[in-house]
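This one's a predicted model, so the numbers in the text were calculated from it and none came from an experiment. In what follows, every chain begins at residue 1, and chains take the letters A, B, ... in the order their sequences are listed.
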Amino acid sequence: MDTLIVPGQRMRLLGSGAIVTVGRRIGAGGQGVVHVVQLGEASFAVKWFRPNLRQEGFRACIEALVRRGRPPHEAFVWPIDLVEPLDAGPEGFGYLMRLVEPRFVPIPQVLNERQQPSFRVLATIGRELVEAMAALHATGLCYRDFSFGNVWVDPATAQIAVLDNDNIGSEGGEVFVKGTGRFMAPEILRDEALPSTVTDLHSLAVLLFFVLVHGHPLLGARVDSSYTWEGGGHLTELELLLEHFGRDPLFVFDPTDAANRPVPGDRMLVWWELYPEFVRQVFTRAFTVGLRDATLGGRVTEGVWRRVLLRLHDSVWSCPRCGAEVFHDPDRRGSPCWACRLPLPVPPLLHLPNGRELVLGEGAELTDHHLTGGRGAPVVLGRVEAHPGRPGQVVLRNVGGRAWRVAPDGETLKAVHPGQRLGVRAMSLDFGPARAWITAGDG
Amino acid sequence: MTAHDTPTLRMPGGGISRRPLHLILLADCSGGMKGEKIQALNYAIADMLAQLAIWDRAQEQAQVFVRAVAFATEAVWHIPAPTPVVDLRWRPLQPVPRGLTNMGTAFQLVAEALAPGRIERRALRPALLLITDGLATDPPGRFEAGLNALLATPAGRGALRLSVAIGRDARSEALNRFIGDPSVPVLVADSTSDISDRLVVASLAVSRMSEAGADRAALADRLFGHGGPGDSIFGQDTII
């Protein structure tokens, strides 16, 4: 009997009893196929698996996900219901999920574009990855196969879509997948552990490194020198993987061992240098301690990544000399712009509650999260724009619904009503829910 | 001059650091290829390269560089320099009137290109794709000499070698010897309209080369073992 579904077939949803009609095939692989299906006027997708030896256990895992109902985060393309053929149909089983819109593309496609996304978009993509994983892990589930193949992004909004949710399960549950080679934690490659929340955290760190530094954190000169065409030719890619990502991994920017630095000409060398020290420190921890200590204490958790990526987002501005996008790094004052190589001045800064600082560079946004915390969709309260009359200077426009009271140094108290613009200079501000102050910078 | 007149680099760019994956096409331009066959082949190659370019941009492991040899009685480089697939504009091949199908000379050219020191150490195993509509017509010993020269280079020996036969009659023992792997079949295009599909299968094989663990037997099983060409698009990166 045929083991796949074909267009025109009708299938029943096990939970609701509704009938769907199979449309065109949009994916295929060793496990099975994915088709568009119609449920009335609405389009969904069905992933259909070929019969396999461990089918019952696998099916039970997916049923458990369906029973949970809503996904822990909207990024997950969650199993909605199991499906079965209406009449005599193929063996195997499948599940219904939402159809991923065409606005989502593989993350590498965005990173490989000539017109690359801005630093703010990169930081937001990173944070979206973190939020999705955090929500999953908080419910006691783990993803097990986090890789670029399974995470897509909408470059316009930085929203992500996490595909292939059938590998999600609770830790200790039956495991049907070990992961994707270069994203797998060393202990899995060494066959010492199965995928778990802790190994997800390694995969997450690798993904974030790719997004921000544009390379693999373990692929440097030492790995390069192990490639050879002499003798019997290349080691197999599997052997290389086990050696350099499993048995003896070494971070390309390991502070105590420079043996595996990126090879000359590698773009990682450019990208790494332009990030603030607080970002480089957390990556260094992820790929030194985090490689060796496979525990929640050893790996970098989502809470830490969230703080780092929010701070990174708040650090973006433009080089006042050449216009290149740069970060303000309080730990490396006077470091050169990556594009024009001139030292960067200190930008105007908005000092916020809880020690947060927002660089007042053009395009920066002040949100309710800055003032009162929060994790939902941020509400923009202020937006930094170019000063209409003074080139190189900026204004902060009140785009919220409440007036601000500001006291510029040496001036009287003023109100900035909704819609009004505030020339950025040294002052204290009262936003209502929180107070802050601005330092003018030396640019 | 205002800031708007001066194009400034706002982001560092350069894409993701990836390992080179060299694809070398060996295309039969013998006299028998004239007419619809060469047109179909040119169309199929252009289509395959476009699909490879999409794949190239969408992943983080391999950057595909393409070269091409056109062979008939003699072999010449049609694309001599390794060209990123995303930048390549396919220039149509032309058949050589009364040209023979001498494959050995094409192998010889490729062997020189893959000689030690001519291919980056960090490159992934190259992929060689031989497309022909007929049996080899090499003078005695030349086919073997060319193939031996190719297989004498570590990169040539380690390469994924695929072959598309245009017409069932073109499937030959010579092509099997070029492939050198009983698990990898000659891809037969029964008609000119099949050429494109067969090249899609070949390009999928090329794209899978960069996978960790992409050993040839496993690759062959995945690509040719079950289902159609589309079967390997999805979920392949996963180690079960």
Side-chain angles (χ1 to χ4, degrees), chain A residues 4 25 27-31 33-34 105-109 111-114 116-119 145 147-149 164 176-182 184 210 214-216 219 224-225 227-234 236-238 240-241 262-263 266-268 270-271 274 318 322-325 338-339, chain B residues 2-3 6 8-19 54 56-61 63 86 114-125 153-159 209-216 218 221-222 225-240:
Chain A
L4 296 178
R25 184 177 292 184
Q31 285 182 304
V33 291
V34 178
V105 298
I107 293 178
Q109 185 171 318
L111 304 180
N112 284 329
E113 286 292 338
R114 289 206 170 90
Q116 285 192 313
S118 68
F119 284 131
D145 188 16
S147 77
F148 275 149
D164 285 352
F176 299 91
V177 63
K178 279 192 167 183
T180 299
R182 59 215 172 275
M184 284 162 73
F210 258 119
H214 289 54
H216 193 288
L219 272 181
D224 225 55
S225 65
Y227 302 138
T228 174
W229 292 109
E230 304 307 315
H234 263 194
T236 70
E237 296 299 322
L238 188 58
L240 290 166
L241 180 78
V263 294
D266 192 315
R267 299 299 293 169
M268 281 196 278
V270 175
W271 286 91
L274 52 87
S318 305
C322 75
E325 276 202 27
W338 62 266
Chain B
T2 70
T6 325
T8 50
L9 200 57
R10 287 191 57 84
M11 292 293 287
I16 299 176
S17 298
R18 295 177 288 170
R19 291 170 64 191
I54 292 170
D56 181 279
R57 275 193 289 263
Q59 49 76 51
E60 76 286 3
Q61 290 208 88
Q63 185 175 13
V86 292
L114 297 182
R118 300 284 301 275
I119 178 167
E120 305 91 333
R121 209 164 53 178
R122 71 197 306 255
L124 292 155
R125 289 163 189 270
T153 65
R157 192 165 57 247
M209 295 277 297
S210 57
E211 257 177 67
D215 294 317
R216 288 177 53 155
D221 182 51
R222 285 172 175 185
H226 54 79
D231 251 14
S232 32
I233 296 170
F234 173 79
Q236 285 297 315
D237 260 354
T238 296
I239 295 179
I240 305 287

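For chain B, the nearby part of L274(A) is the side chain; its heavy atoms alone come within less than 4.5 Å. Using a 4.5 Å cut-off between heavy atoms, L114(B) makes no contact with chain A at all. Heavy atoms closer than 4.5 Å to chain B are found in the side chain of S318(A), but not in its backbone. For P262(A), no part lies under 4.5 angstrom from a heavy atom of chain B.
One distance of note links CZ of R18(B) with NE2 of H214(A); it measures 11.0 Å at 0.5 Å rounding. To the nearest 0.5 angstrom, E60(B) atom CD is 9.5 Å from I107(A) atom CD1.
Proximity of Q59(B) to F148(A): side-chain heavy atoms (C-beta onward) are nowhere separated by under 4.5 Å.
Among all heavy-atom pairs drawn from R121(B) and Y227(A), the shortest one is CG-O, 2.8 Å. Residues A58(B) and P106(A) approach most closely at O-CB, 3.6 Å, considering heavy atoms. In terms of heavy atoms, V270(A) sits closest to P12(B) at CG1-CB, 4.0 Å. Here the closest non-hydrogen pair linking W271(A) and M11(B) is CH2-CE, 4.0 Å. The two residues G323(A) and R10(B) have their closest heavy-atom pair at O-NH1, 2.8 Å. Residues N112(A) and I16(B) come closest through the heavy atom pair OD1-N, 2.9 Å.
With sequence neighbours left out, the salt bridge (Lys or Arg N to Asp or Glu O under 4.0 Å) criterion links D266(A) to no other residue.
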